Amino acid sequence: MGLLAQGSPLSWEDTKRHADHVRRHGILQFLHIYHAVKDRHKDVLKWGDEVEYMLVSFDHENKKVQLVLSGEDVLETLQEKGERTNPNHPTLWRPEYGSYMIEGTPGQPYGGTMSEFNTVQDNMRQRRQEATSVLGESQALCTITSFPRLGCPGFTLPEYKPNPVEGGASKSLFFPDEAINKHPRFSTLTRNIRHRRGEKVVINVPIFKDKNTPSPFVEAFADEEAAQAAQPDHIYMDAMGFGMGNCCLQVTFQACSISEARYLYDQLATICPIVMALSAASPFYRGYVSDIDCRWGVISASVDDRTREERGLEPLKTSNYRISKSRYDSIDSYLSKCGEKYNDIDLTIDKEIYEQLLKEGIDHLLAQHVAHLFIRDPLTLFEEKIHMDDANESDHFENIQSTNWQTMRFKPPPPNSDIGWRVEFRPMEVQLTDFENSAYVVFVVLLTRVILSYKLDFLIPLSKVDENMKTAQRRDAVLQGMFYFRKDICKAGGHAVVDGCGKAQSSAELAAEEYGLMSIDTIINGKEGVFPGLIPILNSYLENMEVDVDTRCSILNYLKLIKKRASGQLMTVARWMREFIANHPDYKQDSVVTDAMNYSLLVKCNQIANEQCECPELLGSAFRRRAKDDASKADSDSSK
Ligand code: GLU
Ligand code: MG
């Protein structure tokens, strides 16, 4: 989840003293990069996925599953056996927020040919096998978005009691600091977010009201801060770990030029809520059944470092601005010329930085994007990394950039590298199996191909995308939510989308007729006379492409999964988990997920992930395994 500097981390007070320095040099670093590579074009399509994993341990005797706090050691072993031994090793491993988490990516980015789509699942499988092979007895690698009993007593191995003291990182009543990755970046981020905010973070997730759930649902907390912050009928959480301790699935693309990257950034931003709802996988928090299906709002609140003044709760005295969103949230402005007229969200910017960027020849849209990211303070700073070579390093730019965790990220090339302009697609929840994760990744990558080839235009006012983000997180949004979506997505066909746009219209003029409310089924599968559907468009694109039979077969299976999740023929992971718990013999219809229920659920998830049992309601029957996989399965037993 960002840059890992080594050294001595500064306290919030000291970091704050250097905030202007970091911003000033961050901008200079950005300018160096921009001037050096703004005209770079003809970079080829490359892309890669990131999967975040949790390490769990099963206690079969006591029917308990815990998160194992060994991520740092597991990572060390994997890197030692992998990239440090062989620079061409097919997998790469990185740390993540939780001490029970690791992140895996392919060793090299994928390229632009169709056959690469057929290697994604094998690579994910290899990652799973590699990591599983270094785990202890009864341990497993799980791709679950949120651990249902995160923050419940004894949820980690070894067990630790939270120690809510001011000098600690989270000061949480539930989430012990030992569950945070031991690299100082992570605990410093946690502490500095809390200190900057002036109080602990507050996360309130609506509880799912079942037949026997107390109404109102109120938890009594002796702790005064918790008693004040916890809302009735909500599951209260108080630490960064409840958010950043969740796992996701991300995809990054290299575009051929900066303008193509800006175009893709905008187009994909409108797709974020749709694909997030389709990937919904996180219905349980702190041992309770919630009324939401996605992690997004939880992470957003878990890293909300805004002061009371910035949040608009008190008049501005010492803070510089009112800020309407957390650092982890949806994007606030489109970046392409075509997007400009749909930028209808009030944008708080650092005016001085904006003016400076304009003076340096940067256009309004890019300047305001960067000046908006730079309203934030750096959250961590290492004493040894204060003075940088602005022409050849980008740490200060990355410091601010990588702690703006938005649905999309626009990524300038690193200094002096042959990497091009990239965009990152960040909203997806991680799925149980490599098959599903490959399906979502391939779906999104293919979508970028048709967006570029057919010059599609999905843009709608950004405020409507924000409304969609809210809808997308609700329980069963995939079937019940209605989403604003553009009706005529081929409209842009007549003019060059990447570099210019059609005639200007006032936003009011466009608003009414250009978009409507649609179900995800309509958006994905199409509806006669209403919308062509993304899958039919992808299918017609595929018909015109040279694709070998095996790859075509894999892609069709991936698209079938997406199609059936959208139509409700198959369940989302969130829906499936809800039903699993609802049907558990121990469940008392009181919204409580006990240790035993959590254990059964995770055992089942692990079996599904390792293909030891079928799960047709989630994956369908015939199509989840690639033929090639069957052969290799015989000699690998990836489950412990
Ligand atoms: N785990 C975070 C999420 O679920 C993302 C952290 C990162 O940016 O790597 O969105
Ligand atoms: Mg990550």
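In this text, all values refer to a predicted model and were calculated from it rather than measured experimentally. Quick note: numbers below take in every heavy atom, side chains included, and nothing from hydrogens, waters or symmetry partners. Whatever order the structure lists them in is the order used to number ligands and atoms, beginning at 1.
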(request) Give me the ring orientation class for W576 and F580: parallel if the planes are under 30° apart, tilted from 30 to 60°, perpendicular past 60°. (result) tilted
(request) Considering the heavy atoms of C248, write down every atom of ligand 1 situated less than 4.0 Å from one of them. (result) 2 (C), 3 (C), 4 (O), 5 (C), 10 (O)
(message) Can you tell me which portion of R295 lies within the under-4.0 Å heavy-atom range of ligand 1? Options are side chain, backbone, both, or neither.
(response) side chain
(request) Pull out every atom of ligand 1 sitting under 4.0 Å from any heavy atom of Q250, numbered as shown with elements. (result) 5 (C), 7 (C), 8 (O), 9 (O)
(message) Distance under 4.0 Å to a non-hydrogen atom of Y328: what atoms of ligand 1 satisfy this?
(response) 3 (C), 10 (O)
(message) Please list, in number order, the atoms of ligand 1 under 4.0 Å from a heavy atom of I299.
(response) 3 (C), 4 (O), 10 (O)
(message) With side chain to side chain donor-acceptor pair (under 3.5 Å) as the test, pick out the partner of N123 among Q121, Q126, R127, R125.
(response) R127
(request) Dump the intermediate steps for side-chain hydrogen bond (donor to acceptor under 3.5 Å, both in side chains) on R84 and Q79, then the final yes or no. (result) CA-CA 6 Å; R84 279 190 233 139; Q79 290 184 334; 3.1 Å; yes
(message) Students often mix this up, so state it plainly: with edges at 30° and 60°, are the rings of Y328 and W405 parallel, tilted or perpendicular?
(response) tilted
(request) Would you check if the distance from the ring center of W421 to the ring center of Y265 is below 6.0 Å? (result) no
(request) May I ask whether E96 has any heavy atom positioned less than 4.0 angstrom from an atom of ligand 1? (result) yes
(message) With a heavy-atom distance limit of 4.0 Å, tell me whether Y97 approaches ligand 1 through its side chain, its backbone, both, or neither.
(response) neither
(message) Looking only at N, O or S atoms, which one in E96 sits nearest to the Mg ion (ligand 2)?
(response) OE2
(message) Within 2.8 Å of the Mg ion (ligand 2), is there any N, O or S atom belonging to E103?
(response) yes
(request) Compute the ring centroids of Y558 and F435, then answer whether they are less than 6.0 Å apart. (result) yes
(message) Can you confirm if the aromatic rings of F485 and F458 lie within a centre distance of less than 6.0 Å?
(response) yes
(message) I'd like the atom name of the N/O/S atom in E52 lying closest to the Mg ion (ligand 2).
(response) OE2
(message) Under 4.0 Å, heavy-atom basis, I'd like to know which part of E50 is in contact with ligand 1: side chain, backbone, both or neither.
(response) neither
(request) Using a 4.0 Å heavy-atom cut-off, say whether T145 meets ligand 1 through its side chain, its backbone, both or neither. (result) neither
(request) Verify whether the ring centers belonging to F253 and W47 lie closer than 6.0 Å. (result) no
